[in-house]
Structure formats: structure tokens, C-alpha cells
Amino acid sequence: MLEVLQESLRKAPIVNRGEYPYFIHPISDGVPSLEPELLDEIAEHMINIAGTDYDRIVSIEAMGIPLATALSLKTGVPVSIVRKRQYGLEGEMILSQSTGYSKGELFINGVNKGEKVLVVDDVISTGGTLKALLPALEKMGAQITNVIVVISRGDGAAKMRDMGYEVDTLVKIDVDHDGVSILEVAGEQQ
Ligand SMILES: O=P(O)(O)OC[C@H]1O[C@H](OP(=O)(O)OP(=O)(O)O)[C@H](O)[C@@H]1O
């Protein structure tokens, strides 16, 4: 399962962002090369998890964009991207986000009250991004049908579960300064 994703993670280079060992991967960084075969494998797996019964796909710039786009092309469901810049549109929701190595604001536009929403993203690490985003979507009146993140590292997914949000992840990895090791793969017995 998810062989292309697993193989690409095993060879992901590591750089240090302060003390944070950061893996560089096509899905999380768009470099060195984001291949359609990898996007297709992931989008198909996400559809296996979430089906297609939702009104909108929501993801976060920047690296949620390729995933949301691939899903949208396969499902015909529109996309709204949560941005890091303000637009000032009516109903815009502003929230603060922090990850293991950055802090900032996110701006939600285009999500309508009562819509069924699939949330997808490339990575969950501390959970800081989803911890801010999911309650904000609910406050806007969206009904979150599924939350799917491709790569899980750290305890972010567990923290979201403690908050009452089930986050499906495709692979769980461990990262240290020597590289990436795969701990769990969705749909495979460990
Ligand atoms: O679980 P967390 O600690 O919140 O980390 C996960 C977030 O980190 C990355 O976003 P980043 O802000 O690096 O933006 P990018 O997508 O542009 O790389 C990634 O795309 C997730 O949104």
C-alpha cells in the first residue's frame, strides 16, 4: 500500500530548522519533483477513506494545494484554500497558527454555512495548524466530514483526537537527523 509514498519518504533528505529536523519531500515541499504518480496514489487513497459526498475540499497553502487540486479533479468538488494573506472579503475568518518552526495568521474565505467539508493537508506535526483551523471551520458553520493528512510525525494527530477530531493519516513517520523511518502505513497491519 502507498508504495510510491513510502519509497519517496525513505529517501527524503533532512535539514535542520533550528533544533527541528525537517524532512524535505515532494508532498510537503514540492521539491525536488512532485510526480503525478505520487499525487494519484495519494488522491485515490484519500477517496477510499472519504468517498466523494462533500460540498467542498478545504486545505491550507502552500502544500495542501496540490493535494486539494488532485482531489478536486478526480471528484469534481470545488476547493477553498486557507491562505496566509488577508483578503478582507465579507465573512473572512482570521486565525493564528503555529507549527514546530513557524508562527503566523491564516485567513479562511469561501467556506459557506452548512457545507459538508473535507479537510486535507500534507503534514501534521505539532497539530498547531489543525488545532486552529478545525474549530474555526465549525464556527463558520461547516460540517467537517473527514480530516485526512498524508504524513504524520510527532503527536499532533493524537492531540487532535484528544480534542475530539479524528484525523486520518496515510503514513506515520519518525524523523531524526539521520533520516525518515516509516512507523505505520494506512491499511497495513504493523
Ligand atoms: O502540525 P503542525 O505543527 O501545524 O505542522 C503541519 C503544518 O506545517 C506545514 O505548513 P507550513 O506552515 O510549513 O507551510 P507550507 O505548507 O507552505 O510548507 C504543513 O503544510 C502543515 O500545514
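Note that the numbering runs from 1 along the sequence shown for the chain. Start at 1 and go down the list; that is how both ligands and their atoms are numbered.
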For [atom], the protein heavy atom that lies nearest, with its residue and separation:
atom                    : answer
atom 19 (C) of ligand 1 : D122 OD1, 3.3 Å
atom 10 (O) of ligand 1 : Y101 OH, 4.0 Å
atom 22 (O) of ligand 1 : D121 OD2, 2.7 Å
atom 7 (C) of ligand 1  : T129 OG1, 3.6 Å

(request) Tell me which part of I60 gets within contact of ligand 1: side chain, backbone, both or neither, using heavy atoms under 4.0 Å. (result) neither
Identify, by atom number and element, the atoms of ligand 1 in contact range of [X], meaning under 4.0 Å from any of its heavy atoms.
X    : value
A62  : 15 (P), 16 (O), 17 (O)
I124 : 1 (O)
T126 : 1 (O), 2 (P), 3 (O), 4 (O)
G128 : 1 (O), 2 (P), 4 (O)
Q97  : 12 (O)

(message) If the threshold is 4.0 Å, N to carboxylate O, is there a salt bridge linking R161 and E166?
(response)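 Result for this pair is yes, salt bridge flagged.
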(message) Tell me whether E61 is salt-bridged to R85, with the criterion being a basic N under 4.0 Å from an acidic carboxylate O.
(response)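 No, E61 and R85 are not salt-bridged.
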(request) Check each of M63, E61, K84 against atom 14 (O) of ligand 1 and report the one with the nearest heavy atom. (result)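 Among M63, E61, K84, the closest heavy atom to atom 14 (O) of ligand 1 comes from K84.
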(message) Any atom of ligand 1 sitting under 4.0 Å from a heavy atom of G156?
(response)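 The answer is no, since G156 has no heavy atom less than 4.0 Å from ligand 1.
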(request) Determine whether any heavy atom of S98 lies closer than 4.0 Å to an atom of ligand 1. (result)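 Within the 4.0 Å threshold, so yes.
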(request) Flag yes if I81 and M46 sit in one hydrophobic cluster, no otherwise; membership is Ile, Leu, Val, Met, Phe, Trp, Tyr, and two members link when side-chain heavy atoms are under 4.5 Å apart. (result) yes
Quick check: does any side chain N or O of [X] sit under 3.5 Å from a backbone N or O of [Y], one acting as donor and the other as acceptor?
X    : Y    : result
S72  : V77  : yes
S28  : D122 : no
D121 : S59  : no

(request) Determine, step by step, whether D53 and T145 satisfy the side-chain contact (heavy atoms from CB on, under 4.5 Å) criterion, reporting the C-alpha distance in whole Å, the side-chain angles of both residues, the deciding distance to 0.1 Å, and the verdict. (result) CA-CA 9 Å; D53 181 23; T145 60; over 6 Å; no
(message) Please verify the inter-ring angle class for H25 with F23; under 30° counts as parallel, over 60° as perpendicular, anything in between as tilted.
(response) perpendicular
